[in-house]
Amino acid sequence: MVKCVDAEADAHVVLAELLRTGVVVRSGEQHFRVVSRSVMLTEGISSQRIEYHTNGLARLAATLEYNMDPKHTDKRLDRRVHADRGLPMELVPAFESYARDKVGDFLLELDNWLALHTKDDMEYGERVDAGVTAFAYLTPIADKHSGTSPGES
């Protein structure tokens, strides 16, 4: 099944990583059971992570470019929500936990929808890579004395 996603990937390496991250667990001698539909990698920077994030930035740029082109009246999904007057730092952990739960539920629902509509035996025309990316951000409120945010020069 790994070869369906990446023809060059080593299935044994992928399995080892899925076991290490707890996405799958052993179920008998030769079987495995999926216990999570997502994986959060904990190691530092790697070429794979750089590629993953670079691809994400390229997708965001392509969406923004598409939406800013006046000839496209059918804009792509580009939504955000933020605290109008800033969020107190002590509420950040609760916000991140709440957002993670709600977005996780939504992405699971989208994943189920995609699974129903992307089966190999379905007769459609050309296929494109399509999906939704969600992330949380924190931007320090500008220093009232200097007019800049920490880290800006």
Side-chain angles (χ1 to χ4, degrees), residues 1-69 71-83 87 89-140 149-153:
M1 192 59 115
V2 170
K3 298 291 184 202
C4 293
V5 177
D6 184 348
E8 297 178 18
D10 182 332
H12 297 291
V13 172
V14 172
L15 177 59
E17 186 65 11
L18 292 173
L19 285 165
R20 186 186 71 75
T21 56
V23 174
V24 298
V25 295
R26 289 196 174 279
S27 179
E29 289 293 316
Q30 297 183 350
H31 295 92
F32 301 90
R33 184 170 47 95
V34 177
V35 293
S36 176
R37 290 177 73 164
S38 64
V39 60
M40 293 297 292
L41 302 175
T42 57
E43 71 276 351
I45 199 162
S46 69
S47 60
Q48 290 86 1
R49 290 191 88 170
I50 291 170
E51 181 180 0
Y52 172 82
H53 291 294
T54 301
N55 288 341
L57 289 172
R59 289 179 185 121
L60 173 60
T63 296
L64 295 174
E65 179 182 32
Y66 183 92
N67 287 348
M68 287 190 260
D69 188 334
K71 69 181 174 201
H72 295 130
T73 57
D74 58 329
K75 305 302 183 188
R76 293 193 176 133
L77 176 65
D78 174 17
R79 305 287 187 273
R80 65 195 57 81
V81 62
H82 67 274
L87 184 67
M89 282 300 293
E90 58 268 16
L91 292 180
V92 168
F95 164 69
E96 288 184 330
S97 177
Y98 181 74
R100 190 173 286 112
D101 288 347
K102 293 298 180 185
V103 169
D105 291 345
F106 175 63
L107 292 178
L108 181 61
E109 196 174 312
L110 285 177
D111 191 41
N112 288 335
W113 188 94
L114 287 169
L116 290 173
H117 295 88
T118 58
K119 295 177 181 164
D120 284 339
D121 61 351
M122 298 180 119
E123 294 297 323
Y124 289 110
E126 181 183 0
R127 291 179 181 254
V128 297
D129 185 19
V132 172
T133 297
F135 66 93
Y137 66 90
L138 298 178
T139 304
S149 295
E152 288 183 2
S153 18

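Positions are given from 1, in the same order as the sequence printed here.
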Peer 1: Check this for me: Phe32, atom CZ, are more than 12 non-hydrogen atoms of other residues, nucleotides or ligands nearer than 6.0 Å?
Peer 2: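 Yes.
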Peer 1: Using atom types as modelled and distance alone, determine if a side-chain donor or acceptor of Thr63 lies under 3.5 Å from a backbone N or O of Arg59.
Peer 2: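 Yes; judged by distance alone, with no hydrogens or angles, the pair exists.
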Peer 1: Heavy-atom distance under 4.5 Å between the side chains of Thr118 and Arg127, does that happen here?
Peer 2: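 They are in contact (side-chain heavy atoms under 4.5 Å apart), so the answer is yes.
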Peer 1: Checking side chain to side chain contact (heavy atoms under 4.5 Å, CB included) for the pair Val35/Val23: CA distance, chi angles, key distance, verdict?
Peer 2: CA-CA 6 Å; Val35 293; Val23 174; 5.8 Å; no
Peer 1: Do the non-hydrogen side-chain atoms of Leu60 and Thr133 ever get within less than 4.5 Å of each other?
Peer 2: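 No, side chains not in contact.
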Peer 1: Taking the side chain as every heavy atom from C-beta outward, state whether Leu107 and Leu110 have any pair of such atoms under 4.5 Å apart.
Peer 2: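 Yes, at least one pair of side-chain atoms sits under 4.5 Å.
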Peer 1: Given the rule in the side chain to side chain contact (heavy atoms under 4.5 Å, CB included) test, do Glu96 and Leu138 qualify, once you have shown the distances and angles that lead to the verdict?
Peer 2: CA-CA 10 Å; Glu96 288 184 330; Leu138 298 178; 4.2 Å; yes
Peer 1: Indicate whether the side chain of Asp78 and that of Tyr66 have a donor and an acceptor atom separated by less than 3.5 Å.
Peer 2: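 No, Tyr66 and Asp78 have no side-chain donor paired with an acceptor closer than 3.5 Å.
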Peer 1: Taking atom CG of Asp129 and atom CG of Asn55, what is their separation to the nearest 0.5 Å?
Peer 2: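 Atom-to-atom, Asp129:CG and Asn55:CG are 8.5 Å apart.
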Peer 1: Can you name the nearest heavy-atom pair linking Arg76 to Ala62, along with the distance?
Peer 2: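 That closest heavy-atom pairing would be NH1-O, 4.3 Å.
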Peer 1: I'd like to know if the side chain of Asn67 reaches the main chain of Lys75, judged simply by a donor and an acceptor atom lying under 3.5 Å from each other, with no hydrogens or angles considered.
Peer 2: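 Flag not set: sc Asn67 to bb Lys75 has no pair under 3.5 Å.
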Peer 1: What pair of heavy atoms forms the shortest contact from Val24 to Leu15, and how long is it?
Peer 2: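 So the two residues come closest at CG2-CD1, 4.1 Å.
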Peer 1: More than 12 heavy atoms of other residues, nucleotides or ligands under 6.0 Å from NE2 of His31: is that the case?
Peer 2: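 12 or below, so no.
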Peer 1: Under the 3.5 angstrom rule, does the side chain of His72 hit a backbone N or O of Met68 as a donor-acceptor pair?
Peer 2: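 Not a single qualifying donor-acceptor pair exists.
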Peer 1: How long is the straight-line distance from OH of Tyr52 back to CG of Leu57, given to the nearest 0.5 Å?
Peer 2: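 It comes to 11.0 Å.
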Peer 1: Using every non-hydrogen atom in the two residues, find where Val81 and Tyr137 come nearest and quote the distance to one decimal.
Peer 2: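 Scanning both residues completely, I find the closest heavy atoms to be O-OH, 4.2 Å.
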Peer 1: Do you know which two heavy atoms are closest between Ala134 and Val103, and how far apart they sit?
Peer 2: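 Heavy atoms of Ala134 and Val103 come nearest at CB-CG1, 3.6 Å.
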